[in-house]
There are 2 protein chains.
Amino acid sequence: MAITSKKYTDKQELVAKFANALGHPVRVAIIELLNKQSCCYHGDMSDELPIANSTLSQHLKVLREAGLIQGEINPPKTKYCINKENWNLAKGLLIGFFD
Amino acid sequence: MAITSKKYTDKQELVAKFANALGHPVRVAIIELLNKQSCCYHGDMSDELPIANSTLSQHLKVLREAGLIQGEINPPKTKYCINKENWNLAKGLLIGFFD
DNA sequence: AAAACAGTTCGTATTTATACGAACAAATGG
DNA sequence: CCATTTGTTCGTATAAATACGAACTGTTTT
């Protein structure tokens with residue numbers, strides 16, 4: 001093992017973070033829904049996806065914490081969109097990773 | 001929820017499978033090592049990575065089961081390579097996913 | 001003010017991931 | 001044949017992911 005305090009490079013951590021966020025089919029499906037119409041209400045997605053509402057909230061949180069999406073809360077509705085800046089960052093990193 | 005027996009499309013499952021395999025920084029690092037020199041012995045990687053040997057074996061297994069790499073066992077050495085066919089499949093899927 | 005609506009968070013159960021050392025396996029060198 | 005080398009698998013401990021219903025939080029409607 002290399003004697004560094006940090007185990008992995010920032011780039012490796014970032015690639016892993018984005019990849020990990022996309023590492024569940026329902027999150028892939030969520031992103032596809034958002035990409036199809038730019039933004040989407042929680043309820044719209046809930047109608048399309050085979051999971052409980054609370055579970056959907058959790059997956060949305062994972063995507064939000066990875067930076068791939070952002071939510072705008074206007075109770076009782078919440079609108080989610082792709083975070084384009086980070087989306088492009090992820091795109092660049094992943095494409096670069098695959099050469 | 002849609003009333004389908006299958007919860008997600010094959011494509012969504014595949015994207016998630018590949019993404020999940022890349023969802024840990026050490027696996028990203030492993031792939032980078034393999035891409036740098038096409039093939040690599042377990043021991044070479046073990047020298048570069050901050051994890052125990054047995055843990056490395058487990059991560060290699062994850063990548064192997066996702067189809068991204070393949071191992072050639074010639075005891076006591078094992079050589080790992082990128083599985084180019086699946087690598088290109090993953091590349092295409094991921095790039096397509098990001099538009 | 002009470003009920004309804006749309007989500008989120010909490011509590012919890014179950015599964016999967018991650019990590020390590022010890023034990024094992026398969027070929028090679030003394 | 002026994003020791004060494006190189007990985008793998010096993011046993012195990014701990015942490016993280018996944019899923020659901022129940023309870024909660026703000027608006028809006030009645």
Side-chain angles (χ1 to χ4, degrees), chain A residues 1-2 4 6-8 12-13 15-31 33-34 39-81, chain B residues 1-2 4 6-8 12-13 15-31 33-34 39-81:
Chain A
M1 146 176 190
T4 47
K6 207 168 184 315
K7 292 184 170 189
Y8 307 102
Q12 288 166 343
E13 301 266 14
V15 169
K17 188 180 76 170
F18 289 133
N20 193 64
L22 299 177
H24 189 294
V26 81
R27 293 199 290 268
V28 172
I30 288 168
I31 294 286
L33 286 174
L34 291 182
C39 283
C40 215
Y41 288 100
H42 180 124
D44 301 337
M45 296 191 266
S46 189
D47 294 341
E48 306 279 340
L49 301 170
I51 55 175
N53 231 286
S54 53
T55 307
L56 175 55
S57 270
Q58 278 183 127
H59 283 293
L60 289 169
K61 189 179 179 185
V62 171
L63 289 169
R64 193 162 13 93
E65 289 181 346
L68 291 177
I69 67 173
Q70 58 201 113
E72 186 187 319
I73 303 176
N74 295 102
K77 293 196 151 227
T78 309
K79 187 168 67 175
Y80 284 97
C81 306
Chain B
M1 148 178 189
T4 46
K6 206 164 185 316
K7 292 185 171 187
Y8 307 102
Q12 287 166 346
E13 301 266 15
V15 169
K17 188 180 78 170
F18 288 134
N20 193 63
L22 299 176
H24 190 294
V26 82
R27 293 199 289 268
V28 172
I30 289 168
I31 295 286
L33 286 174
L34 291 181
C39 283
C40 215
Y41 289 100
H42 179 125
D44 302 336
M45 296 191 267
S46 189
D47 293 340
E48 306 278 341
L49 301 171
I51 54 174
N53 230 287
S54 53
T55 308
L56 175 55
S57 271
Q58 280 184 124
H59 283 293
L60 289 168
K61 189 179 182 186
V62 171
L63 288 169
R64 192 161 14 91
E65 289 181 345
L68 290 176
I69 68 173
Q70 57 201 112
E72 187 187 318
I73 302 177
N74 295 101
K77 292 198 154 226
T78 310
K79 188 168 67 174
Y80 284 96
C81 306

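A note on names: the letters A, B, ... follow the listed sequences, proteins ahead of strands, and every chain is numbered from 1.
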In whole Å, I'd like the distance from the [atom1] atom of [X] to the [atom2] atom of [N].
{"X": "A:E65", "N": "D:dT18", "atom1": "CD", "atom2": "C1'", "answer": "15 Å"}
{"X": "A:N53", "N": "D:dA22", "atom1": "CG", "atom2": "P", "answer": "14 Å"}
{"X": "B:Y8", "N": "D:dT18", "atom1": "OH", "atom2": "P", "answer": "10 Å"}
{"X": "A:K61", "N": "D:dT18", "atom1": "NZ", "atom2": "C1'", "answer": "14 Å"}
{"X": "A:I73", "N": "D:dG26", "atom1": "CD1", "atom2": "P", "answer": "11 Å"}
{"X": "A:H42", "N": "D:dG26", "atom1": "NE2", "atom2": "C1'", "answer": "15 Å"}
{"X": "B:Y41", "N": "D:dT5", "atom1": "OH", "atom2": "P", "answer": "18 Å"}
{"X": "B:N74", "N": "D:dG7", "atom1": "CG", "atom2": "P", "answer": "11 Å"}

Exercise for the section: With rounding to the nearest 0.5 Å, note down the distance linking CG in B:L56 to CD1 in B:I51. Expected result: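 Spacing of CG (B:L56) from CD1 (B:I51) equals 4.5 Å.
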Handout entry: From A:K77 atom NZ to A:E72 atom CD, the distance as rounded to the nearest 0.5 Å
Key =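 Answer rounded to 0.5 Å: 12.5 Å.
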Handout entry: First encountered from the 5' end of DNA chain C, between B:S54 and A:K77
Key =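 Upstream on the strand: A:K77.
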Handout entry: Comparing B:V26 and A:L60 on DNA chain C - which has the more 5′ nearest nucleotide
Key =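 Nearer the 5' end of the strand: A:L60.
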Handout entry: Base D:dA17 to side chain A:Q58, donor-acceptor N/O within 3.5 Å cut-off
Key = no
Problem - B:H24 vs D:dA15: side-chain N/O to OP1/OP2 distance below 4.0 Å - result: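 Checking D:dA15 against B:H24, no side-chain N or O comes under 4.0 Å of OP1 or OP2.
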Handout entry: Residue-phosphate contact under 4.0 Å: A:H59 side-chain N/O, D:dA17 OP1/OP2
Key =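 Answer no for this pair, as no side-chain N or O of A:H59 is under 4.0 Å from OP1 or OP2.
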Handout entry: Audit row: A:Y8, B:V26, side-chain contact (heavy atoms from CB on, under 4.5 Å) steps and yes/no
Key = CA-CA 7 Å; A:Y8 307 102; B:V26 82; 3.3 Å; yes
Problem - Test side-chain contact (heavy atoms from CB on, under 4.5 Å) applied to A:I30 and A:M45, step by step - result: CA-CA 7 Å; A:I30 288 168; A:M45 296 191 266; 3.9 Å; yes
Problem - SG-SG distance B:C81 to B:C39 under 2.5 Å - result: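 Between B:C39 and B:C81 there is a disulfide, given that their SG atoms are under 2.5 Å apart.
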Practice task
Would you grab the first and last nucleotide of DNA chain C (5' to 3') that comes under 4.0 Å of any non-hydrogen atom in chain B?
Solution key: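 The contacted stretch runs from C:dT18 to C:dA27.
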Practice task
Select base, sugar-phosphate, or nothing to describe what A:T78 touches, counting heavy atoms under 4.0 Å on all strands.
Solution key: sugar-phosphate
Practice task
Report which part of the nucleic acid B:S57 touches: base, sugar-phosphate, or nothing (heavy-atom distance under 4.0 Å, all strands).
Solution key: base
Exercise for the section: Walk me through it: do A:H59 and A:H24 pass the test side-chain contact (heavy atoms from CB on, under 4.5 Å)? Expected result: CA-CA 9 Å; A:H59 283 293; A:H24 189 294; 4.0 Å; yes
Exercise for the section: Given salt bridge (charged side-chain N to carboxylate O under 4.0 Å, His left out), test B:K7 with B:E13 step by step and report yes or no. Expected result: CA-CA 9 Å; B:K7 292 185 171 187; B:E13 301 266 15; over 6 Å; no
